[in-house]
Amino acid sequence: MNLLHLFDLSLEGRRDAAALDFIGSDGRRETRTFGEIEDSSNRLAHVLADRGFAAGNRLCLQLPNSVEFIELFLACIKLGVIFVPINILYREREVEHIVRDAGPKALIGAGELAALVRAAQSSGSRPRPPVSLEGDTPAAIVYTSGTTGASKGAVLTHNNFAANGLNLIVCWQISHVDRLLLPLPLFHVHGLGNGVHTWLISGCRMCLLERFEHQKAAAILSEFRPTLFFGVPT
């Protein structure tokens, strides 16, 4: 089993259901169904494959929360490319350490992502790439915060992420009727592993914020009316 077997409960099983509401820090809003996310991530996977990415390659990503962040993560999962998210607040020396340590095929920032998205949008409908993935296949390398030394890359497999997501869903009894408000950064394992994965497996509706802003929090809570909220006190 791999993560796609679990994610397909929503990506394929709930294609027409409203899946994701995104709110940018500038007030920009976007909404996606699970089917739209599936199709967009398929196109991105083919764009990456056309640029030479293959299973086992690493891809570093340094971006704030966005719809495209999630779609690129799914594209990597579908190709077997190891996803390496980088904190957007890291300084040059910290980014250089991760890039040197992870050995990625590429580092993607805002400019590179925009080019990938344009290429994907112009490519037309594409099926999911035929890649065989095992449970012990690495899915991501997530770096520690580095508070006591240099950041260390934790290799997380499909099985690691699956066990974490399923345990959370069972313990918290998350289902498709829930509404998840997620302001946590997706470059952090809490936002990615606890947030994105439980959302995709359960098929609930998620409101993703580009970042948490306390001035807007009350209005968003009142409007979206979440049943789930993941937060970290500063």
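These values consider heavy atoms only, across backbone and side chains, with no hydrogens, waters or symmetry-generated copies. Just so you know, these numbers come straight off a predicted model, no measurement behind them.
Just one residue in the list Arg32, Arg15, Arg126 forms a side-chain hydrogen bond (donor to acceptor under 3.5 Å, both in side chains) with Asp39, and that residue is Arg15. Tested against His158 for a side-chain contact (heavy atoms from CB on, under 4.5 Å), the candidates Leu6, Ile77, Leu4 yield a single pass: Ile77.
No close placement of the Trp199 and Phe7 rings is indicated, their centers lying 6.0 Å or farther apart. Aromatic ring centroids of Phe229 and Trp172 lie 6.0 Å or more apart. Taking the six-membered ring wherever Trp is involved, the centroid distance between the rings of Phe53 and His46 does not fall below 6.0 Å.
Side-chain contact between Arg29 and Phe22: absent, with no pair of heavy atoms (C-beta onward) separated by less than 4.5 Å.
Applying the under-4.5 Å side-chain rule to Ile, Leu, Val, Met, Phe, Trp and Tyr, the cluster around Ile98 extends to Ile82, Val84, Ile86, Tyr90, Val95, Val99, Leu107, Ile141, Tyr143, Val155.
Heavy-atom contacts from other residues, nucleotides or ligands closer than 6.0 Å to NE2 of His188 number 12 or fewer. Within 6.0 Å of CG in Asp50 there are more than 12 heavy atoms belonging to other residues, nucleotides or ligands.
Between Glu213 and Arg211, at least one side-chain N (NZ, or NE/NH1/NH2) sits under 4.0 Å from a carboxylate O, which counts as a salt bridge. For Lys78 and Glu38, the salt-bridge test passes: some basic side-chain N is under 4.0 Å from an acidic carboxylate O.
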Are Asp178 and Thr227 close enough, and set up right, to give a side chain to side chain donor-acceptor pair (under 3.5 Å), and what steps lead you there? CA-CA 6 Å; Asp178 279 300; Thr227 58; 2.6 Å; yes

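There is no path of hydrophobic side-chain contacts, each under 4.5 Å, that joins Ile23 to Met206. In the hydrophobic cluster analysis, where Ile, Leu, Val, Met, Phe, Trp and Tyr join through side-chain heavy atoms closer than 4.5 angstrom, Leu186 is grouped apart from Ile88.
Remark: the backbone N or O of Gly135 is not paired with any side-chain donor or acceptor of Asn2 at under 3.5 angstrom. No donor-acceptor pair under 3.5 Å is formed between the side chain of Arg58 and the backbone N or O of Gly103. The backbone N or O of Ser25 lies less than 3.5 Å from a partner atom in the side chain of Lys216, making a donor-acceptor pair. Between the side chain of Ser222 and the backbone N or O of Ala219, no donor-acceptor pair lies under 3.5 Å.
Between Phe161 and His197, the ring planes lie perpendicular to each other; the angle is over 60°, past the 30° to 60° tilted range.
Counted by atom type alone, Asp21 and Thr31 present one or more donor-acceptor pairs between their side chains at under 3.5 Å.
Nearest heavy atoms, Pro226 versus Leu181: CB-CB, 3.7 Å.
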